[in-house]
Amino acid sequence: MILPPPETDELLAGDTLIAGLGKSTILADFDFETYSPAGFVLKCGRWGPLPGASKKGISAVGAARYTEHPESEVLSLAYNLKDGRGAKLWRPGLPAPTDLFEHICSGKLIEAWNCAFEYLVWSNICVPKYNWPHLEYRRLRDAMAKAHAFSLPGSLAEAGEVLGSSGRKDKNGARLLKKFSMPRDITKNDSRLRIMPEDDLEDAQKLYDYNLTDIKAEAAISARIPDLSESELEFWLCDQTINRRGVQIDLETIDAAIKIVDQAMTKYNNELIQITNGQVKSASEVARLMKWINAESEEKQVKNLQAETIDVLLAQKNLTLTVRRVLEIRQLLNSAAIKKLYSMRNHVCKSGRIYDLFIYHKARTGRAAGVGPQLHNFPNSGLVVFNCVVCNRHYVEKSICPWCGNSEPDKTVEWNEHAVHDAIETIKSADLGYVELFFKDALAAISGCLRGMIIAKPGYELIGCDYNSIEAIVLAAIAGEEWRLEVFRTHGKIYEMSASKITGIAFELFEQHKQNTGSYHPLRKSIGKVAELASGYQGWIGAWKQFGADKFFDNDDHIKRSILAWRAASPAIVSLWYKLENAAQSAVLNPGVGYCVNDLVTYLKSGDALYCRLPSGRYLTYHRPKLVSAKPPRAGFQLTFESWNTNAKYGSSGWVKMPTYGGKLTENVVQAVARDILAHAIINLEKRGFSVIMHVHDEIVLEVPQDSTTVAAVEKIMTELPAWCTEWPVRATGGWMGQRYRK
């Protein structure tokens with residue numbers, strides 16, 4: 001093993017370097033520069049975004065649709081086989097890179113930064129246009145995936161800055177890519193729609209040099225990041241398989257829904273013009289909207305029109321009717337659900353599917369993040385509807401069922417898969433008025449149907465299963481909170497049991513209330529649910545309020561007493577917070593010494609990072625840890641580390657110092673362990689021949705041939721647990737099967 005830091009140009013494929021607690025293997029690497037007009041629309045000589053998109057280009061359509069555009073082409077390819085012959089550059093018009101073909105066809109590995117893009121360029125452009133050989137994606141390795149797993153930013157430039165790498169990304173690249181990789185607006189003196197490399201040979205050469213610099217930067221950074229472990233590599237390959245499969249989209253319904261949205265835009269913007277006397281012509285005119293609202297309001301304090309701000313404003317009782325209606329229109333037309341509708345349409349490929357929906361290990365804990373339409377935060381519910389007792393159809397606020405004319409009283413039900421079916425039937429009319437006839441608020445109905453617009457391909461069906469209370473079970477198991485584990489081994493009613501322990505009301509009374517009334521005891525939600533959601537990670541009064549405690553409790557003192565009662569009932573969890581914090585701090589003070597908690601979790605500082613070894617053997621990484629004087633109300637010392645921040649509540653974006661504490665460390669461990677259980681299940685399902693197409697939080701969705709399996713069979717595989725947690729009461733019950741995705 002070669003000790004760092006040698007120049008990567010001197011290394012050969014197969015050489016290994018010490019990196020983190022593992023090794024980094026030197027691999028051949030490659031990188032494409034491309035041109036494509038995908039994600040742009042030409043209007044009056046200027047290139048704008050696609051309908052409903054806020055950005056242009058690849059970010060609006062995804063790499064799969066970008067590369068399958070008929071005008072997409074390669075500008076250049078830089079590659080280095082690490083065979084001692086150095087980096088090479090290929091561009092259209094030059095002889096084919098046969099040495100690269102030989103490398104790939106012989107089954108050798110090759111690496112890229114975000115290798116899915118290189119794979120798609122190769123497969124969708126180079127194979128059909130240049131007659132290149134097939135590239136098997138399982139022979140690819142991804143330096144960006146390694147960076148994510150090592151808690152580094154996914155951007156090559158940002159990762160290079162953090163590591164202080166010798167091979168930095170060329171900052172001149174942004175100018176060159178804008179010039180050659182994107183279409184250009186027509187000007188008075190220049191009608192060209194793009195700049196070709198032959199139009200500016202000097203800058204074209206700079207682009208090629210940039211391409212070569214990129215693979216050098218990628219290699220230098222990759223060499224300092226440990227390879228994925230064997231089990232993580234297996235899961236990453238599953239991730240790539242899932243992203244290559246994609247999900248089937250109900251294009252008919254999506255296109256009809258977009259027509260309805262367009263009609264609603266016209267209708268509500270016309271109403272906006274009338275209300276504001278023409279001062280505001282569109283809900284998208286944020287500056288004019290704010291000016292009008294502040295002029296009409298007694299309290300001139302509206303500083304933005306973000307979704308959260310509008311929610312707060314609409315909760316106020318002193319709003320005038322006109323201001324309230326204007327805010328409602330803005331809320332309707334700027335909803336995240338509508339943006340997702342357009343995003344789904346813009347990302348769909350020729351196959352009718354959307355690909356590359358997941359980013360491997362995007363969160364510190366290993367959880368994936370959504371990209372494109374972002375399935376992780378799709379709406380979970382929809383309208384409250386009536387269910388007709390005669391025709392069994394669903395509708396909103398009508399004295400007579402619009403489906404069958406029944407005038408008998410109907411029962412009110414929550415939004416469900418049957419309501420989605422009925423709503424989609426009306427949406428396919430592409431008529432705003434028709435949808436409103438049945439569901440009153442057409443845009444809310446569309447929002448509730450977004451999940452249902454993901455469908456099974458012909459001859460197949462979807463199966464969805466998720467783990468029941470997985471994080472609560474993991475927390476109890478790691479802490480050793482035995483009464484909680486017994487709840488999950490038996491009836492599983494943790495909200496009722498938690499409320500019982502906090503209030504002193506016998507658990508049996510919660511059961512009797514459900515039997516006598518048919519509904520849950522009110523304390524189940526107001527105390528039990530809030531407590532379980534807010535308390536496990538050391539949450540205090542503010543955390544309880546985030547989960548709605550202020551709606552149920554008289555005052556902060558009442559919340560405080562309930563928190564203390566919850567903690568008194570769960571001493572092992574409280575102990576876990578402090579055990580993890582003490583272990584992490586001790587590891588920082590004593591590098592090279594491991595500190596184990598409950599024989600499951602170990603902290604160790606090595607080099608310039610603090611590592612947390614999980615029961616699976618996977619590590620969480622905290623870079624540049626330090627102990628600093630704690631800020632009041634905390635006393636003593638607090639652990640800090642450096643990380644890439646995108647959350648405003650933790651300060652400015654970028655590489656920043658972040659504080660942590662026992663509750664947060666507990667949350668990291670629990671979420672990471674739950675993720676490892678999910679990853680184990682996905683690997684097992686794939687090995688058994690099942691096709692996973694989605695994994696959203698603790699849910700797995702498969703696309704299977706009709707009548708080929710059962711929900712119970714999938715649930716059984718999901719509960720075949722890793723050796724380190726076989727005794728934990730992990731369950732996956734309540735799965736579903738159908739043609740449309742649902743919650």
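Basis for what follows: all heavy atoms, side chains included, without hydrogens, waters or symmetry-related copies.
The pair K23-D227 does not meet the salt-bridge criterion, since no charged nitrogen lies less than 4.0 angstrom from a carboxylate oxygen. With salt bridges taken as basic N to acidic carboxylate O contacts below 4.0 Å, none links D15 and K82. Under a 4.0 Å N-O distance rule, the pair E686/R245 qualifies as a salt bridge. Salt bridge status for R91 with E198: absent, with no side-chain N to carboxylate O gap under 4.0 Å. Between E703 and R353, at least one side-chain N (NZ, or NE/NH1/NH2) sits under 4.0 Å from a carboxylate O, which counts as a salt bridge. Salt-bridge formation is not detected for the pair R85/D99: no Lys NZ or Arg NE/NH1/NH2 atom is positioned less than 4.0 Å from an Asp or Glu carboxylate oxygen. Under 4.0 Å is where a charged nitrogen must lie from a carboxylate oxygen, and between R141 and E111 no such pair does.
Between Y622 and S643, the side chains place no donor N or O within less than 3.5 Å of an acceptor N or O (distance only, hydrogens not considered).
Using the six-membered ring where Trp is involved, Y360 and F235 have ring planes that are tilted, between 30° and 60° apart. Classification of the H376-H697 ring pair by plane angle, with boundaries at 30° and 60°, yields perpendicular. Between Y130 and W132, the angle of the ring planes lies from 30° to 60°, which puts this pair in the tilted group.
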| request: Report the C-alpha separation of M694 and E699 in whole Å, then their side-chain angles, then the decisive distance to 0.1 Å, and conclude whether the side-chain contact (heavy atoms from CB on, under 4.5 Å) test is met. | output: CA-CA 8 Å; M694 292 191 286; E699 175 190 35; over 6 Å; no
| task | Test side-chain contact (heavy atoms from CB on, under 4.5 Å) on F32 and W122 and set out the steps. | result | CA-CA 9 Å; F32 283 106; W122 188 293; 4.0 Å; yes
| Step by step, would you call W655 with L152 a side-chain contact (heavy atoms from CB on, under 4.5 Å)? | CA-CA 9 Å; W655 189 256; L152 292 173; 4.2 Å; yes
| Evaluation steps, side-chain contact (heavy atoms from CB on, under 4.5 Å), between L140 and Y119 | CA-CA 8 Å; L140 294 171; Y119 170 79; 3.6 Å; yes
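To the nearest 0.5 Å, the span separating CG on D29 from CG on N80 amounts to 5.5 Å. Here the OG atom belonging to S76 is positioned 5.0 Å from the CG atom belonging to L89, to the nearest 0.5 angstrom. Within the model, atoms CG of L50 and CG of N346 stand 4.5 Å from one another, a figure rounded to the nearest 0.5 Å. Atom CD of E202 and atom CG of L207 lie 13.0 Å apart (nearest 0.5 Å). Expressed to the nearest 0.5 Å, how far CE of M453 lies from CD1 of I354 amounts to 11.5 Å.
Remark: side-chain polar atoms of N668 are not paired, donor with acceptor, to backbone N or O of R364 under 3.5 angstrom. Put simply, the side chain of K339 never gets that close to the backbone of G52: no donor and acceptor are under 3.5 Å apart. A donor-acceptor distance shorter than 3.5 angstrom exists from the side chain of S72 to the backbone of Y66, with no hydrogens or angles considered.
Within 6.0 Å of atom NZ in K291, 12 or fewer heavy atoms from other residues, nucleotides or ligands are found, so the atom counts as exposed in its surroundings. The number of heavy-atom neighbours closer than 6.0 Å to NZ of K55, taken from other residues, nucleotides and ligands shown, is 12 or below. Within 6.0 Å of the NZ atom in K88, the count of heavy atoms belonging to other residues, nucleotides or ligands exceeds 12. More than 12 heavy atoms of other residues, nucleotides or ligands sit less than 6.0 Å from atom CZ of R192. Around the CG atom of N304, the shell of radius 6.0 Å holds more than 12 heavy atoms that belong to other residues, nucleotides or ligands. Atom NZ of K303 has 12 or fewer neighbouring heavy atoms from other residues, nucleotides or ligands inside a 6.0 Å radius. Applying the 6.0 Å contact sphere to CZ of R288 captures no more than 12 heavy atoms from other residues, nucleotides or ligands.
Contact of the I454 side chain with the L375 side chain is registered, since non-hydrogen atoms from C-beta on lie closer than 4.5 Å. Taking the side chain as every heavy atom from C-beta outward, N243 and Y355 never approach each other to under 4.5 Å. Using a 4.5 Å heavy-atom cutoff, the side chains of P183 and Y35 are in contact. Between E102 and S106, the closest side-chain pair of non-hydrogen atoms is not below 4.5 Å. Using a 4.5 Å cut-off on side-chain heavy atoms (C-beta onward), I215 and F30 make no contact. Annotation: side chain of K56 is not in contact with side chain of V41 (no heavy-atom distance under 4.5 Å). At least one side-chain heavy atom of L289 sits under 4.5 Å from a side-chain heavy atom of V280. Under the 4.5 Å side-chain criterion, counting only non-hydrogen atoms from C-beta, S36 is not in contact with E71.
If you look at H103 and Y79, their ring centroids are not closer than 6.0 Å.
Judged by a 6.0 Å distance limit and a 45° cone about the ring axis, R194 is not positioned over the six-membered ring of F180.
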